[in-house]
Amino acid sequence: MNYGAVVDGLAASGNLRVLPPDASLLPDVVDLSSNDYLGIAGDVELRTSFFAEAALNGLAMTSSASRLLAGNQNEYYLLEDMLGRLYGGCALLFNSGYHANVGLMSSLADKRTLVVADRLVHASIIDGIMLSKADFVRFRHNDYGHLRQIMEKKARDYGSVIIVAESVYSMDGDRADIDALVSVKRDYPDTLLYIDEAHALGVEGPGGLGLVAASMSRDYVDVIVGTFGKALASSGAFCATRKDIKNFLVNHARSLIFSTALPPVTVAWTRKVFGRVLGMDSARMQLKKLSHALNGILSSYGNSGAVVSHIQPLIIGDPVKTVSLSQRLFDKGYKVLPIRRPTVSPGTERLRFSLSASISMEQVDLLGNVMKDCYAI
């Protein structure tokens, strides 16, 4: 393969990706591409407090082995116990959201399984399904009538079915209807319901535990996936599930078995942050206020998402124009990076505005004037 020619082609079409600059080195730039939804990543006081505790407790900077071989297990047990109590089941840690979804889907499904997933689920879920070799069908985004049609037509032909959705979708910011998904799942035996809460964790539900925790049907959700690298300002991920499924995963999830485990110091930081997040209702309220203000700005351009969310797209539909608008906004002090294929389908290229509770209302209001100047060019 001529790799240089491929790169040149991407550049010519406006689809070349480059690693962005470090926003922390640009203090005058408002970062609207981060997933630091609660603003914890910049909490110096919390970080200072933690490192004092870490030094006192001698927490290791590396696990030095996979989870099944690592010697120091206590921090993993403490965090999993905390998560199990919060979610009412068992929890299992993974190194990232990608590791979690790939490991879970590739082991829970097999050739006798039908996986029915929302069309907009994350690439890590798709990759896990492909590794499982299960039959795979997508239902139209948030169209539960279409999901039911697929189930009625196909479910009886398989030994088991897994229905997969996200609670908050990463590129559009819209929500799944957990109760509607549960309603379909309950009509079919041997069906698991799998919900990825990556972009809801910390933001939605009681204590920021997600949309499943806010649902009256939460006991019917079999697998919840959450990540620590977004609102929780840490690293890693987890699934919350039943004991039998956890034990199965420990023996079959290759991304767990064959990966060096998270550093114990990172796991301890996650536990500290999670405890803080449970009480951050004021930050969640600030995020909602900012979301309403941003929606008012983007709605002026007609083709933005109608949903009020901490994630909101402005769909441009052309990669070159999307990159150009992103650069103009950056020059004015707002980092809003372009989203293009393969993350989104051609023709839906967009700017993805991602809010943080650390952003002020004044900064969002000023964005309205900046958008008028930049969008008109």
Side-chain angles (χ1 to χ4, degrees), residues 19-64 67 70-83 85-86 91 93-97 198-210 226-238 260-290 310 333 335 354-364:
L19 298 175
D22 185 346
S24 67
L25 302 178
L26 305 167
D28 296 328
V29 173
V30 180
D31 191 350
L32 293 175
S33 286
S34 170
N35 294 324
D36 179 28
Y37 301 131
L38 297 177
I40 295 174
D43 190 332
V44 176
E45 182 180 345
L46 182 64
R47 193 162 61 241
T48 301
S49 169
F50 171 74
F51 280 122
E53 296 170 9
L56 184 65
N57 296 325
L59 291 171
M61 299 295 289
T62 178
S63 62
S64 300
R67 181 75 187 280
N72 182 357
Q73 296 280 351
N74 192 51
E75 288 300 332
Y76 308 108
Y77 294 147
L78 290 173
L79 180 54
E80 287 175 340
D81 180 67
M82 178 185 187
L83 294 167
R85 286 184 282 107
L86 288 171
L93 301 182
F94 288 85
N95 283 14
S96 68
H199 293 273
L201 183 62
V203 177
E204 299 289 346
L209 292 176
T227 56
F228 305 132
K230 297 178 174 62
L232 271 76
S234 186
S235 181
F238 71 96
T260 297
L262 290 165
V265 68
T266 301
V267 178
W269 165 251
T270 300
R271 184 162 55 90
K272 184 179 181 70
V273 172
F274 215 122
R276 173 68 67 90
V277 165
L278 295 173
M280 293 183 69
D281 289 340
S282 61
R284 284 184 276 274
M285 182 58 66
Q286 167 73 355
L287 198 56
K288 290 186 184 299
K289 291 177 181 177
L290 295 172
H310 55 291
K335 178 187 173 186
S354 180
L355 292 169
S356 170
S358 62
I359 296 171
S360 69
M361 187 61 73
E362 290 74 18
Q363 288 171 321
V364 173

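The figures here come from the full heavy-atom set of this structure, side chains too, leaving out hydrogens, waters and symmetry mates.
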Taking atom [atom1] of [X] and atom [atom2] of [Y], what is their separation to the nearest 0.5 Å?
X: Thr270; Y: Leu262; atom1: OG1; atom2: CG; value: 7.5 Å
X: Ser354; Y: Asp31; atom1: OG; atom2: CG; value: 8.0 Å
X: Leu59; Y: Phe51; atom1: CG; atom2: CZ; value: 10.5 Å

Contacts of type side-chain hydrogen bond (donor to acceptor under 3.5 Å, both in side chains), residue [X], not counting sequence neighbours:
X: Ser356; result: Ser358
X: Asn35; result: Tyr37, Arg352
X: Arg271; result: Glu75
X: Ser33; result: none

(request) Test Phe228 against every option in Val267, Thr266, Val273, Leu79 by the side chain to side chain contact (heavy atoms under 4.5 Å, CB included) rule and name the one that passes. (result)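 Result for side chain to side chain contact (heavy atoms under 4.5 Å, CB included) with Phe228: Leu79.
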
Donor-acceptor contact below 3.5 Å, side chain [X] vs main chain [Y]:
X: Asp28; Y: Gly333; result: no
X: Gln286; Y: Leu38; result: no
X: His310; Y: His199; result: yes

Are side-chain heavy atoms of [X] and [Y] found at a separation under 4.5 Å?
X: Ile40; Y: Leu232; answer: no
X: Leu209; Y: Leu278; answer: yes
X: Lys230; Y: Asp36; answer: no
X: Pro264; Y: Ser63; answer: yes

(request) Evaluate side chain to side chain contact (heavy atoms under 4.5 Å, CB included) for Arg67 paired with Asn95, printing each intermediate quantity in order. (result) CA-CA 10 Å; Arg67 181 75 187 280; Asn95 283 14; over 6 Å; no

[X]: partners by side-chain contact (heavy atoms from CB on, under 4.5 Å), with sequence neighbours left out:
X: Thr62; value: Ser64
X: Ser360; value: Glu362, Gln363
X: Asp81; value: Arg85
X: Met285; value: Lys289

Which heavy atom of [X] sits nearest to which heavy atom of [Y], and what is that distance?
X: Ala233; Y: Ala41; value: CB-N, 3.6 Å
X: Ala283; Y: Ala357; value: O-CB, 3.6 Å
X: Val203; Y: Arg284; value: O-CD, 3.2 Å

(request) In sequence, state the C-alpha distance, the side-chain angles, and the governing distance for Lys335 and Leu32, and then conclude on side chain to side chain contact (heavy atoms under 4.5 Å, CB included). (result) CA-CA 6 Å; Lys335 178 187 173 186; Leu32 293 175; 6.0 Å; no

(message) Tell me whether the rings of Phe238 and Phe274 are parallel (<30°), tilted (30 to 60°) or perpendicular (>60°).
(response)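 Judged by the thresholds at 30° and 60°, the geometry between Phe238 and Phe274 is perpendicular.
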
(request) Could you tell me which residues satisfy ring-ring contact (aromatic ring centres under 6.0 Å, His included) with Phe94, sequence neighbours excluded, listed by chain and number? (result)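 Checked Phe94 against ring-ring contact (aromatic ring centres under 6.0 Å, His included); zero matches.
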
(message) Applying ring-ring contact (aromatic ring centres under 6.0 Å, His included), can you list everything that pairs with Phe50, at least two apart in sequence or on another chain?
(response)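 Testing Phe50 for ring-ring contact (aromatic ring centres under 6.0 Å, His included), a comparison that skips the adjacent residues, returns Trp269.
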
(request) Could I get the full list of salt bridge (Lys or Arg N to Asp or Glu O under 4.0 Å) partners for Asp43, not counting sequence neighbours? (result)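 For Asp43, the residues satisfying salt bridge (Lys or Arg N to Asp or Glu O under 4.0 Å) (neighbours in sequence not counted) are Arg276.
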
(message) Once salt bridge (Lys or Arg N to Asp or Glu O under 4.0 Å) is applied, do any residues pair with Lys288, and if so which ones, sequence neighbours excluded?
(response)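 Per chain and number, Lys288 pairs via salt bridge (Lys or Arg N to Asp or Glu O under 4.0 Å) with Glu204.
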
